[in-house]
Amino acid sequence: GLQTCSKNNGRGSNIVTVKAHYPQSAGVLPDFDDQIDRAFIVILNPLYAIPSFFNHIHEMKNHVRAPIEAWIEWRDMFVQNQISEFKLFIM
């Protein structure tokens with residue numbers, strides 16, 4: 001079959017898809033981004049992607065899904081910045 005990966009994971013550049021949180025400021029391009037001649041870019045709807053990204057951050061730190069109260073606190077502090085990052089990438 002064809003290889004896929006999340007970022008690079010040491011699989012080299014012979015893969016067909018790369019999932020990344022880029023363009024989010026904490027996201028990282030794959031090590032071989034200079035070798036990518038063309039690409040399809042799938043951008044998740046920010047309405048779903050931003051809460052999903054928050055849950056990813058929370059789960060990495062706490063090993064559990066975020067409670068709604070934690071989401072609301074984070075949303076109120078950071079959502080405008082996240083929306084701005086999305087806008088910079090797509091415009």
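Just so you know, these numbers come straight off a predicted model, no measurement behind them.
- Within the model, atoms CD1 of Ile50 and CH2 of Trp71 stand 6.5 Å from one another, a figure rounded to the nearest 0.5 Å.
- Atom CZ in Phe86 sits 7.0 Å away from atom CG in Leu44 (nearest 0.5 Å).
- Atom CD of Glu85 and atom CD of Gln80 lie 12.0 Å apart (nearest 0.5 Å).
- Hydrophobic clustering, with ILVMFWY side chains joined whenever heavy atoms are under 4.5 angstrom apart, keeps Trp74 apart from Met60.
- Note: the hydrophobic cluster containing Met77 also contains Ile83 (ILVMFWY, side chain heavy atoms under 4.5 Å, direct or indirect links).
- The nearest pair of heavy atoms linking Ala66 to Phe54 is CB-CE2, 3.2 Å.
- For the residue pair Pro51 and Pro46, the shortest heavy atom distance occurs at CD-O, 3.8 Å.
- Under the 4.5 Å side-chain heavy-atom criterion for ILVMFWY residues, a single connected hydrophobic cluster contains both Ile68 and Ile57.
- More than 12 heavy atoms of other residues, nucleotides or ligands sit less than 6.0 Å from atom CD of Glu59.
- Here the closest non-hydrogen pair linking Val64 and His58 is O-CD2, 3.1 Å.
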